[in-house]
Amino acid sequence: MKRWSGIIAEYKEFLPINQNTPIITLQEGNTPLIEACNISEKLLNNKIKVYLKLEGCNPTGSFKDRGMTLAISKAKESDAKVVICASTGNTSASAAAYSARAGLACVVLIPNGAIALGKLAQALIHGAKVIAIEGSFDDALKMVQLLASQYPITIVNSSNIFRIEGQKTAAYEIVDALGTAPDYHFIPVGNAGNITAYWKGYMDYFNLKQCSSLPKMCGFQAAQSAPIVEKKIIEHPETIATAIKIGNPFSWKSAEHARDASGGIIESVTDEEILYAYEMLAQLEGVFCEPASAASVAGVIKKNKENYFRSECNVVCTLTGQGLKDPDRAVMRVSKPIVLKPELNSIIKVLNL
Ligand code: F0G
């Protein structure tokens, strides 16, 4: 059996590397693409086939690892000593892990008190210098850009083109798995790098005749953090989906391009719609993703109600991150454990046996 060696080794002919690029990998990629039969049957009248791309199965629990393996490898190749990013949590977790492996110093700026605890734990345990900014992600990103313009520090946010290049490999995997491109691709949108990356990946494969069609790219922002939908910067974004709580996305223009060139949409879903999809994924499909990830499936449920889909089509939803990063949210959402004394009778009573 062939051993998977990470996205750079597997897709090197599509990536900007050379013989001198040291490959820093945790064997990211090759994530499952599973069919969501129960959601399709129970929530979508079996009208469409839905596949879930489980990016939470990457080594640090999110899709960021695909871009980070390349960004950190290229930083190492160019003899960088320090990398930096602003983050709502997942980028910082991934940057910290890959930097640790590469022997690079890593600085992360996060919005104070606004990232999930699991992600903070990851950045800290991997030895990054974590600075919590009293402000938003957008404020933190501004600081990162100023710092990197004045000091020899490499930015590993998605403004770093190697991040987008690495992340596009998820689209290759989907086409490789399905044998064709899906009709629609649904994806959460925050800083808008990932929708940009997928579109690039699909276009690469299309131009190389690896697929003969292209999906409509359908991005979803959280309702009160939806600058692209509202066509204006949101100064104080709000949402329980902290990963996509972003008011001024860096890749705004290229996300609009992906939408328009593919004939897709960028719309919003409310926190309640996100949490409903989050719970349904867990309870109908056995998939525990983080709230922001569920925005893609919330989008499918919403658009199905509006009769957006032609029948017999297929849809891929990217589930961007692992639910365990934010367990507080899950515990808040559902009923608490029933506490009982170690007595058989009381247990039997509760179970209605
Ligand atoms: N889902 C999750 C779980 C994320 O962490 C992010 C972004 C997104 C979706 C949106 O992807 O930014 O490419 O549009 N997280 C970044 C971070 C901003 O800092 O971890 P995007």
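Note: hydrogens, waters and symmetry copies are ignored here, and every other heavy atom, side chains too, is used. Atoms within each ligand, like the ligands themselves, are counted from 1 in listed order.
Nearest to atom 18 (C) of ligand 1 among the protein's heavy atoms is T88 OG1, 3.4 Å. Of the protein's non-hydrogen atoms, the one nearest atom 20 (O) of ligand 1 is T91 N, 2.8 Å. The nearest protein atom to atom 4 (C) of ligand 1, hydrogens excluded, is given as A243 CB, 3.5 Å; this is a heavy-atom distance. Summary of contacts: the protein heavy atom closest to atom 11 (O) of ligand 1 is F63 CZ, 3.4 Å. Ranking protein heavy atoms by distance to atom 2 (C) of ligand 1, first place goes to T320 OG1, 3.3 Å. Closest protein heavy atom to atom 12 (O) of ligand 1: N191 N, 2.7 Å. Nearest protein neighbour of atom 5 (O) of ligand 1, counting heavy atoms only, is N90 ND2, 2.8 Å.
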Please step through side-chain hydrogen bond (donor to acceptor under 3.5 Å, both in side chains) for the pair E55 and T318, ending with a clear verdict.
CA-CA 7 Å; E55 288 292 278; T318 300; over 6 Å; no
Show your working on side-chain contact (heavy atoms from CB on, under 4.5 Å) between L26 and Y98 and close with a plain yes or no.
CA-CA 8 Å; L26 290 161; Y98 282 81; 3.6 Å; yes
Should Y205 and F14 be marked as a ring-ring contact (aromatic ring centres under 6.0 Å, His included) after you check the CA-CA gap, both sets of side-chain angles, and the distance that decides it?
CA-CA 10 Å; Y205 256 28; F14 304 105; 5.7 Å; yes
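When heavy-atom distances to ligand 1 are checked against a 4.0 Å cut-off, K64 comes that close only through its side chain, counted from C-beta outward. If you look at N157 next to ligand 1, there are no close heavy atoms at all, none under 4.0 Å.
No option in K216, K49, R310, E312 other than R310 meets the side chain to side chain contact (heavy atoms under 4.5 Å, CB included) test with D183.
Contact annotation: I246 has at least one heavy atom less than 4.0 Å from an atom of ligand 1. For A192, the heavy-atom gap to ligand 1 drops under 4.0 angstrom.
Atom CG of L146 sits in a crowded spot, with more than 12 heavy atoms from other residues, nucleotides or ligands closer than 6.0 Å.
In this pair, Y184 and F309 present their aromatic rings perpendicular. The plane angle is above 60°, beyond the 30 to 60° band. Relative orientation of the Y202 and H185 rings is perpendicular, given thresholds of 30° and 60° on the angle between their planes.
Close approach of ligand 1 to I244 (heavy-atom distance below 4.0 Å) involves ligand atoms 8 (C), 9 (C), 10 (C). Numbered from 1 in the order shown, with element, the atoms of ligand 1 that lie under 4.0 Å from a heavy atom of V189 read 14 (O).
Residue nearest to atom 13 (O) of ligand 1, selected from N194, I115, T196, I195: N194 (by heavy-atom distance).
Salt bridge K168/D204: present, at least one basic N to carboxylate O contact under 4.0 Å.
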